[in-house]
J.: 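Before we start, here is the structure in question, set down as structure tokens.
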Number of protein chains: 2
Amino acid sequence: MICSVAGVTTPGAPPAPGLRDRKKRQTRAALAEAALRLVAERGLDQVTVEEISAAADVSARTFFNYFASKDEALVGDPAGGGVRLVARVAAAPPGQPVLTTLRHALDEVIDEIRADRELWSLRMEVVTRNPALLPRLIAGNAATEQAIVDVLAARLGVGPDHPYPRLVTAVAGAALRAAMTRWATHRDDRDLADLADEAFAALAAGLPEPGPAR
Amino acid sequence: MICSVAGVTTPGAPPAPGLRDRKKRQTRAALAEAALRLVAERGLDQVTVEEISAAADVSARTFFNYFASKDEALVGDPAGGGVRLVARVAAAPPGQPVLTTLRHALDEVIDEIRADRELWSLRMEVVTRNPALLPRLIAGNAATEQAIVDVLAARLGVGPDHPYPRLVTAVAGAALRAAMTRWATHRDDRDLADLADEAFAALAAGLPEPGPAR
DNA sequence: AAATCACCTTGCAGAGAGTGCAAGTTTTTA
DNA sequence: TAAAAACTTGCACTCTCTGCAAGGTGATTT
């Protein structure tokens, strides 16, 4: 009776995972990892949900309790980091330039991607080799993108139909994707955060062309 | 016997459509139109391929001879205008700024979209109301985008791994999508070409923020 | 600790997507 | 007009994805 403190939810700190949650995370991770590994080996159409489930030691029906589709298991994280991203945009200092705000808001996302480097490298490889997935990877951000558009419009005080928030959000997303593609393809190279910085700097400078002389 | 000239293929001009081609175009258009109309009415999941085929007076099997998936019938034109777009980029005057090149290359695409205004309005409405399709709409451009990246790299003489072509291509695509979304949502407004011009000008200017004062 | 509750997993049945194959039909070509 | 090529269609089949009704395992309450 001394310390059944496990139930208390301390706002601010993770409130004691609990066996059940841990198992769920494990199952989800196992399914995603198995899906990525098998698809990387054989190709998207040569892997069935049944095989993925078998590799993760669950039934095929359970697979669909975790992911709405085979694709979702591969591209992962729908809206997981999205809400935090929106929150970070909303919480940025008011006067800050929009591109700076967006770039800083992405820090957290970028850190998470770097933390799961193995997984993300595999994921980018699978996506580039199965272009059918690329739209899914982008679409996952569709809802988040709209939310950011709304937040930016409010921050700038311009009304929800003003073209600027939509343009800058779409463009920033494109810049991040370009940086991620570059990072994933020859990854021995630079840090993802640096590549993102470069891309955003180029945006702010009006996309100056690389000097042909020197 | 007087004029069976229909067979001659004059290079440069459309080489006499032929009954077969006309029928194919008709069937394809009928399927796409039926798909868009039904999905706009009922929603993506409430329409089966069988219903679409019935509305276009062909068998369900024939549907799949025209489109690889239900989604494809809705987002349409995969790689159709893509090759011409790439060609226009490649044929642009050498010294021209990249953003100008890309904007002009889009003229043809934009004209076609305006020509099919009814269809495209329906399409954008369906896509925005069924976000699951948005990735498909973008993915259709994935192959084209890579081709443009390669052409730009060659034009700039920078090698296929340089980050600039990928960044500018991705960003230009995002700008076009933002313009199309704006055009589709309140369409009574401005011309699509004007909206695209505005977006590209903003890119070239480094995405200046809208003045809060005045 | 036992009983209860909530959630998770699983199998089953079924609708719908998408494909390969083998006709049958229509257009084109010779 | 006859042969060739292309298009349509039905059929059988695999795979994806969903709803439902158990059964099981972790959490909660008394």
J.: Under the rule for side-chain contact (heavy atoms from CB on, under 4.5 Å), what residues qualify as partners of A/Ala30, not counting sequence neighbours?
T.: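 With neighbours one apart ignored, the set is A/Ala56.
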
J.: Could you tell me which residues satisfy salt bridge (Lys or Arg N to Asp or Glu O under 4.0 Å) with B/Asp111, sequence neighbours excluded, listed by chain and number?
T.: B/Arg114

J.: With sequence neighbours excluded, tell me which residues meet side-chain contact (heavy atoms from CB on, under 4.5 Å) with A/Arg103.
T.: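 With neighbours one apart ignored, the set is A/Leu106, A/Asp107, A/Ile110, A/Ala193, A/Ala196, A/Asp197, A/Phe200.
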
J.: OP1 or OP2 of D/dC7 versus the side-chain N and O atoms of B/Lys24: is any pair under 4.0 Å?
T.: yes

J.: Can you list the residues that meet the side chain to side chain donor-acceptor pair (under 3.5 Å) rule with B/Ser59, with sequence neighbours excluded?
T.: B/Thr62

J.: B/Ala147: which residues meet the side-chain contact (heavy atoms from CB on, under 4.5 Å) condition with it, sequence neighbours left out?
T.: B/Val86

J.: Can a cation-pi geometry be assigned to A/Arg117 and A/Trp120, taking NZ or CZ under 6.0 Å from the six-membered ring centre and within 45° of the ring axis?
T.: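 No, A/Arg117 does not lie over the aromatic ring of A/Trp120.
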
J.: Using atom CG of B/Leu74 as one end and atom P of C/dA17 as the other, report the distance to the nearest whole Å.
T.: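 Nearest whole value for this atom pair: 12 Å.
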
J.: Can you measure B/Arg22 atom CZ to D/dC7 atom C1' for me and round it to whole angstrom units?
T.: 16 Å

J.: Please, which pairs that meet ring-ring contact (aromatic ring centres under 6.0 Å, His included) have at least one residue in residues 24-63 of chain B, sequence neighbours excluded?
T.: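 Checked against ring-ring contact (aromatic ring centres under 6.0 Å, His included) - neighbours excluded - the pairs reaching residues 24-63 of chain B are B/Phe63-B/Phe67.
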
J.: Mind running a 4.0 Å heavy-atom check of residues 32-53 of chain A against DNA chain C and sending the residues that fall below it, in number order?
T.: none

J.: Determine all donor-acceptor pairs shorter than 3.5 Å in which one atom belongs to a side chain in residues 33-46 of chain B; sequence neighbours excluded.
T.:
{"unit_1": "B/Arg42", "atom_1": "NH1", "unit_2": "B/Gln46", "atom_2": "O", "d": "3.4"}
{"unit_1": "B/Arg42", "atom_1": "NH1", "unit_2": "B/Glu51", "atom_2": "OE1", "d": "3.2"}
{"unit_1": "B/Arg42", "atom_1": "NH1", "unit_2": "B/Glu51", "atom_2": "OE2", "d": "3.0"}

J.: What is the distance from CG of A/Asp21 to C1' of D/dT25, rounded to the nearest Å?
T.: 14 Å

J.: Applying side chain to side chain donor-acceptor pair (under 3.5 Å), name anything that partners B/Gln146, two or more places apart in sequence or on another chain.
T.: B/Asp150, B/Arg166

J.: The criterion is side-chain contact (heavy atoms from CB on, under 4.5 Å); which residues satisfy it with B/Asp57, sequence neighbours excluded?
T.: none

J.: Is any side-chain N or O of B/Lys23 closer than 4.0 Å to OP1 or OP2 of C/dT27?
T.: yes

J.: Using a heavy-atom distance cut-off of less than 4.0 Å, which residues of residues 56-67 of chain A contact DNA chain D?
T.: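 When residues 56-67 of chain A is checked for heavy atoms under 4.0 Å from DNA chain D, the hits, listed by number, are A/Arg61, A/Phe64.
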
J.: For the helix from C/dA1-D/dT30 to C/dA30-D/dT1, what is the angle between the axes at its two ends, each from 5 pairs, rounded to 10°?
T.: 30°

J.: Tell me if the CD atom of B/Gln96 is crowded by more than 12 foreign heavy atoms within 6.0 Å.
T.: yes

J.: Taking atom C1' of C/dA15 as reference, at what distance in whole Å does atom NZ of B/Lys70 sit?
T.: 12 Å

